[in-house]
Peer 1: 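A single structure is presented below for examination.
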Number of protein chains: 2
Amino acid sequence: MAQKLEWIFRKLHDREYKITPQRQVILKAIMENPSQHLSAEDIYSLVKTTNPEIGLATIYRTLDLLADLEILQKMNFNDGRSRYEFNDQDEHHHHHLICLRCGKVAEFEDDLLETLETAIAKKRGFEILDHQLKIYGHCKDCH
Amino acid sequence: MAQKLEWIFRKLHDREYKITPQRQVILKAIMENPSQHLSAEDIYSLVKTTNPEIGLATIYRTLDLLADLEILQKMNFNDGRSRYEFNDQDEHHHHHLICLRCGKVAEFEDDLLETLETAIAKKRGFEILDHQLKIYGHCKDCH
DNA sequence: GTACATGCAAATTCTTTGCAACCCA
DNA sequence: TGGGTTGCAAAGAATTTGCATGTAC
């Protein structure tokens with residue numbers, strides 16, 4: 001984890017972005033809450049406990065930056081706000097099972113899509129960079 | 001197409017919703033612009049040419065209603081607004097290829113996901129009602 | 001020292017809501 | 001007729017922006 005942070009700092013540094021305390025605490029907050037699909041507001045409240053003076057605009061600007069750098073992935077679950085999580089390109093992609101009753105979002109891993117992707121790429125001349133699969137339904141508890 | 005409209009009117013009627021002229025023109029506008037992934041504002045401008053007095057709030061209320069009835073599907077392409085299209089449950093699901101350069105959204109059909117879905121359903125006890133696959137990359141023209 | 005970052009508040013944008021007038025069934 | 005619907009304007013919610021001040025490098 002410290003290793004991951006270092007890697008990110010280096011990525012920022014390489015592109016001449018400053019490693020500000022705000023950026024550090026925001027990254028730490030996200031890192032300490034894995035698989036939480038945090039919104040800007042979520043991160044704001046997490047970070048305000050240690051850095052009360054931080055502004056919500058800084059959160060938004062930082063999240064935008066990190067998403068541009070492909071460090072975070074910006075996602076949307078149709079609940080009116082964007083949510084963010086690490087974009088671990090080295091790991092397998094994971095997808096989301098969204099319960100329409102309780103709203104819980106679970107994750108699952110999968111490789112099956114890869115065969116599908118190569119087929120699409122060939123057929124449509126589309127260069128695939130990323131994908132997102134959302135499955136809606138009722139989770140075990142609500143079913 | 002007239003048949004589809006009739007089916008929708010019947011669905012509305014069955015649930016005691018009124019078939020107002022506004023609802024009719026909104027449905028027609030969406031029907032006459034297939035595969036366009038229209039936003040509320042898009043539909044507003046389409047409809048205003050023939051019904052200048054219509055209000056944007058009516059568009060939103062109608063789209064909400066139609067999405068609740070699963071006549072439309074509400075989708076999100078991270079461009080800051082919701083987009084809508086018919087939810088043709090009888091047809092095969094189609095998914096989206098989103099170009100990160102020009103923003104074009106193309107569709108493709110697929111059944112491969114079904115094997116994946118039954119596996120998930122069994123393993124996680126998750127009852128699947130719907131799914132959405134988005135693939136990001138560069139389209140043929142931008143590549 | 002300087003250009004990039006931040007905090008604050010105001011502005012924007014999308015969407016929702018309250019309410020009186022309206023009109024489909 | 002009467003309750004669902006509409007249009008309008010105002011309210012809300014999420015996100016962005018302008019600008020003076022602050023600070024990483």
Side-chain angles (χ1 to χ4, degrees), chain A residues 5-6 8-27 29 37-69 71-84, chain B residues 5-6 8-27 29 37-69 71-84:
Chain A
L5 257 188
E6 264 176 41
I8 294 170
F9 287 167
R10 170 148 188 210
K11 197 160 184 176
L12 287 169
H13 192 264
D14 284 353
R15 319 224 178 166
E16 326 230 279
Y17 291 111
K18 294 177 181 164
I19 316 282
T20 66
Q22 289 89 338
R23 286 174 180 167
Q24 297 189 41
V25 289
I26 290 170
L27 276 165
H37 313 104
L38 301 169
S39 67
E41 202 80 38
D42 290 339
I43 294 166
Y44 185 47
S45 7
L46 283 171
V47 162
K48 248 202 325 203
T49 63
T50 56
N51 295 54
E53 74 298 340
I54 204 168
L56 185 51
T58 299
I59 309 285
Y60 276 107
R61 282 188 283 232
T62 301
L63 293 174
D64 267 11
L65 172 65
L66 296 174
D68 274 359
L69 294 180
I71 290 166
L72 296 182
Q73 190 173 7
K74 185 176 183 174
M75 4 199 55
N76 201 304
F77 297 129
N78 268 348
D79 63 347
R81 73 213 68 206
S82 293
R83 297 180 172 278
Y84 298 83
Chain B
L5 257 188
E6 264 176 41
I8 293 170
F9 287 167
R10 170 144 189 215
K11 197 159 184 176
L12 286 170
H13 192 263
D14 284 353
R15 320 226 176 164
E16 328 229 278
Y17 291 110
K18 295 176 181 168
I19 316 283
T20 66
Q22 291 88 338
R23 286 173 180 166
Q24 297 188 42
V25 289
I26 290 170
L27 276 165
H37 313 106
L38 301 170
S39 67
E41 202 80 38
D42 289 340
I43 295 166
Y44 185 48
S45 6
L46 283 171
V47 162
K48 248 200 328 202
T49 63
T50 56
N51 295 56
E53 75 298 338
I54 204 167
L56 185 52
T58 299
I59 309 285
Y60 276 107
R61 281 188 282 232
T62 301
L63 293 174
D64 267 9
L65 172 65
L66 296 173
D68 275 357
L69 294 179
I71 290 166
L72 295 182
Q73 191 174 4
K74 184 176 183 175
M75 4 198 54
N76 201 304
F77 297 127
N78 268 348
D79 64 347
R81 71 214 68 208
S82 293
R83 296 179 172 280
Y84 299 81

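By convention in this document, chain letters (A, B, ...) are assigned in the order of the sequence lines, proteins followed by strands, and residues within each chain are numbered from 1. All values below come from the heavy atoms of this structure, side chains included, with hydrogens, waters and symmetry mates left out. On a predicted model such as this, the values are computed, not experimentally measured, just so you know.
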Peer 1: Would you find more than 12 non-hydrogen atoms of other residues, nucleotides or ligands less than 6.0 Å from B:Tyr17 atom OH?
Peer 2: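 Open.
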
Peer 1: Is the backbone of A:Thr58 close enough, under 3.5 Å, to the side chain of A:Thr62 for a donor and an acceptor to pair up by distance?
Peer 2: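 Confirmed, A:Thr62 side chain pairs with A:Thr58 backbone.
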
Peer 1: Across nucleotides 15-25 of chain C, 5' to 3', mark each nucleotide with B, S or - according to how protein heavy atoms within less than 4.0 Å reach it.
Peer 2: BBBB-----BS

Peer 1: Please determine which of B:Ile71, B:Asp64, B:Leu38 meets the side chain to side chain contact (heavy atoms under 4.5 Å, CB included) test together with B:Tyr84.
Peer 2: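 When side chain to side chain contact (heavy atoms under 4.5 Å, CB included) is applied between B:Tyr84 and each of B:Ile71, B:Asp64, B:Leu38, only B:Asp64 qualifies.
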
Peer 1: Output the rounded distance in Å from CG (A:Leu63) to C1' (C:dT6).
Peer 2: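 A:Leu63 atom CG is separated from C:dT6 atom C1' by 15 Å.
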
Peer 1: Whole Å only: how far is the CD atom of B:Glu53 from the P atom of D:dT5?
Peer 2: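 Going from B:Glu53 (CD) to D:dT5 (P), I get 18 Å.
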
Peer 1: How many whole angstroms separate atom CG of A:Asn51 from atom C1' of C:dA5?
Peer 2: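 Spelled out: CG on A:Asn51 to C1' on C:dA5 is 15 Å.
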
Peer 1: Would the number of heavy atoms belonging to other residues, nucleotides or ligands and lying under 6.0 Å from CD of B:Glu16 be above 12?
Peer 2: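 Counting neighbours around CD of B:Glu16, 12 or fewer heavy atoms of other residues, nucleotides or ligands fall under 6.0 Å, so no.
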
Peer 1: Can you measure B:Ile54 atom CD1 to D:dT5 atom P for me and round it to whole angstrom units?
Peer 2: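 Roughly 14 Å, once rounded to whole Å.
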
Peer 1: Specify the separation, in whole Å, of atom CG of A:Asn76 and atom C1' of D:dA14.
Peer 2: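 So the CG-C1' distance, A:Asn76 to D:dA14, works out to 11 Å.
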
Peer 1: Just how far, in rounded Å, is P of D:dT6 from OH of B:Tyr44?
Peer 2: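 That distance rounds to 14 Å.
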
Peer 1: Please state how far atom CD1 in A:Ile59 lies from atom P in D:dA14, giving the value in whole angstrom units.
Peer 2: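 Interatomic distance, CD1 of A:Ile59 to P of D:dA14: 15 Å.
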
Peer 1: How far does CD of B:Gln73 sit from NE2 of B:His37, to the nearest 0.5 angstrom?
Peer 2: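 Going from CD on B:Gln73 over to NE2 on B:His37, the span is 9.5 Å.
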
Peer 1: Hey, which sits more toward the 5' end of DNA chain C by its nearest nucleotide, A:Thr62 or B:Asp79?
Peer 2: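 Looking at the nearest nucleotide for each, A:Thr62 comes out on the 5' side.
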
Peer 1: May I have the list of side-chain donor-acceptor pairs in residues 40-52 of chain B shorter than 3.5 Å, sequence neighbours left out?
Peer 2:
residue	atom	partner	partner atom	Å
B:Asp42	OD1	B:Ser39	OG	3.4
B:Asp42	OD2	B:Ser39	N	2.9
B:Asp42	OD2	B:Ser39	OG	3.1
B:Asp42	OD2	B:Arg83	NH1	3.4
B:Ser45	OG	B:Glu41	O	2.8
B:Ser45	OG	B:Asp42	O	3.4
B:Thr49	OG1	B:Leu46	O	2.9
B:Thr50	OG1	B:Val47	O	3.2

Peer 1: Nearest whole angstrom, please: distance from the C1' of D:dT5 to the CG of B:Leu12.
Peer 2: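 Nearest whole value for this atom pair: 13 Å.
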
